[in-house]
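All values derive from a computational prediction rather than experimental measurement. Position 1 is the first residue of the sequence; numbering continues from there.
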Amino acid sequence: RRQTGEDCQRVDCHTELLYAASRRHAHDLAAHRFCSGAGQELIEMTSAPAKSKAIFLDRDGVLNHDSDHFIKSPEELIIFDGVKETLLRLQSEGFKLVIVTNQSGIHRGILTEEDLTEINQSLIDRLHPVSFTAIYHCPHAPDEGCPCRKPKPGMILQAVEEHALELDGSYMFGDRSTDISCGAAANVKTVLVLSGKISAYNPSILPDIPDYVYPDINVAVRSIFGE
């Protein structure tokens, strides 16, 4: 059914971007789901009938270099070497790929929703032929208590509902404690990569202990799923 912004205020406070193949061998924005206030209508999404296992991915620090000043434009998006091949490997294993990212820079006025859309589109274009099932983001600050902001599992749980995903056999890859806690709360296996905010593993500072710890996503996938 079509939902109103009033409905979405309860659970939907992030943006979802779905991409489809385009004539220029990239992925164009096919649908944009968002919650911007009462009365704003949402575009209905179509879920696949069969359930699939998924890889939930933080973006900054996992797929691309992070920045203390936020990634504000496509020019600032520096993708890690080997990520395309690694994501294609995950797809070949039957996983759906879903990005779940906190982007409080929007709330802080550092970037806009439009900026984020351009950055994500650049990521999609440059990682072609990788196919992402969805990209979710939470634009809110930590003190707003948003149910979708990691470490809460709202984005993962909504992706499961909207895209017929199953938690059993799924993984959360992240570079922060909030990513690991998010995955743990959603009851998926968690993988901490040391390519972002946490560069050395110290379990004493983590609220939740990850199932796996690796230097980066490339090493993690080779180690977990085999060469």
- [ ] Evaluate side-chain contact (heavy atoms from CB on, under 4.5 Å) for K150 paired with M155, printing each intermediate quantity in order.
- [x] CA-CA 8 Å; K150 296 177 291 185; M155 288 188 281; 4.0 Å; yes
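Under the 6.0 Å cut-off for aromatic ring centres, F95 and F56 do not qualify, their centroids lying 6.0 Å or more apart. Taking the six-membered ring for Trp, Y214 and F173 have ring centres at least 6.0 Å apart.
The side chain to side chain contact (heavy atoms under 4.5 Å, CB included) test with T190 singles out one residue from D208, D179, D211, and that residue is D211. Screening I99, T117, L116, V100 for a side chain to side chain contact (heavy atoms under 4.5 Å, CB included) with I135, the sole residue that qualifies is I99.
Shown here for D60 and D66, the closest heavy-atom pair between the two residues is CB-OD1, 3.5 Å. Residues I71 and H65 share a closest heavy-atom pair of CD1-O, 3.6 Å. Annotation for I180 and I209: closest pair CG2-C, 4.2 Å, computed over non-hydrogen atoms. The heavy-atom pair separating L63 from D58 by the smallest distance is CG-O, 4.0 Å. Nearest approach of H163 to A134, heavy atoms of both residues: NE2-CB, 3.7 Å. Nearest approach of V193 to I217, heavy atoms of both residues: CG1-N, 3.7 Å.
Between N64 and I78 there is no side-chain heavy-atom pair separated by less than 4.5 Å. Residues L194 and D175 form no side-chain contact, since every pair of their non-hydrogen atoms from C-beta on lies 4.5 Å or further apart. Looking at L127 and L87, their side chains come closer than 4.5 Å, going by heavy atoms from C-beta outward. Two residues are said to be in side-chain contact when any heavy atoms from C-beta on lie closer than 4.5 Å; C182 and K152 fail this criterion. Using a 4.5 Å heavy-atom cutoff, the side chains of L165 and V98 are in contact. Two residues are said to be in side-chain contact when any heavy atoms from C-beta on lie closer than 4.5 Å; Y201 and P210 meet this criterion. With contacts defined as side-chain heavy-atom distances shorter than 4.5 Å, the pair R126/K84 does not qualify. In this structure the side chain of F70 never reaches within 4.5 angstrom of the side chain of E76, judged on heavy atoms.
Both L167 and Y136 sit in one connected hydrophobic cluster of ILVMFWY residues. Membership requires side-chain heavy atoms under 4.5 Å apart, directly or through other members. Residues L88 and F132 are members of one and the same hydrophobic cluster, defined by side-chain heavy-atom contacts under 4.5 angstrom among Ile, Leu, Val, Met, Phe, Trp and Tyr. In this structure, L57 is a member of the same hydrophobic cluster as I79, with clusters built from ILVMFWY side-chain heavy atoms closer than 4.5 Å. V213 and F225 fall into different hydrophobic clusters, where Ile, Leu, Val, Met, Phe, Trp and Tyr residues are linked whenever their side-chain heavy atoms come under 4.5 Å apart, directly or through other members. Follow the hydrophobic side-chain contacts under 4.5 Å out from I198 and you never reach V191; the two are in separate clusters.
Residue S177 holds its OG atom at 9.0 Å from CG of L192, rounded to the nearest 0.5 Å. One distance of note links CG of L77 with CD1 of I119; it measures 7.0 Å at 0.5 Å rounding. To the nearest 0.5 Å, the span separating CD on Q158 from CD on E161 amounts to 6.5 Å. The distance from atom CG of L97 to atom OG of S52, rounded to the nearest 0.5 Å, is 11.0 Å. Summarising the geometry, atom OG belonging to S104 is positioned 7.0 Å from atom CD1 belonging to I110; distances are rounded to the nearest 0.5 Å.
Heavy atoms from other residues, nucleotides or ligands lying under 6.0 Å from NZ of K197 number more than 12. Residue K96 places its NZ atom among 12 or fewer non-hydrogen atoms of other residues, nucleotides or ligands, all under 6.0 Å distant. For N202, the CG atom is densely surrounded, since the number of other residues' heavy atoms within 6.0 Å is greater than 12.
No side-chain N or O of N102 forms a donor-acceptor pair with one of R176 less than 3.5 Å apart. Between D125 and S122, the side chains place no donor N or O within less than 3.5 Å of an acceptor N or O (distance only, hydrogens not considered). Looking at E113 and H137, their side chains do bring a donor and an acceptor atom within 3.5 Å of each other.
Ring-plane geometry between H140 and H107 is classed as tilted, the angle between the planes lying from 30 to 60 degrees on a 0 to 90 degree scale.
Although no hydrogens or angles enter the test, the distance criterion places a donor-acceptor pair under 3.5 Å between the side chain of Q91 and the main chain of S131. Within the 3.5 Å criterion, the main-chain N or O of V188 finds no donor-acceptor partner in the side chain of S170. At distances below 3.5 Å, not a single donor-acceptor pair connects side-chain atoms of K53 with backbone N or O atoms of E166.
Between E93 and R89, at least one side-chain N (NZ, or NE/NH1/NH2) sits under 4.0 Å from a carboxylate O, which counts as a salt bridge. Under 4.0 Å is where a charged nitrogen must lie from a carboxylate oxygen, and between D115 and K72 no such pair does.
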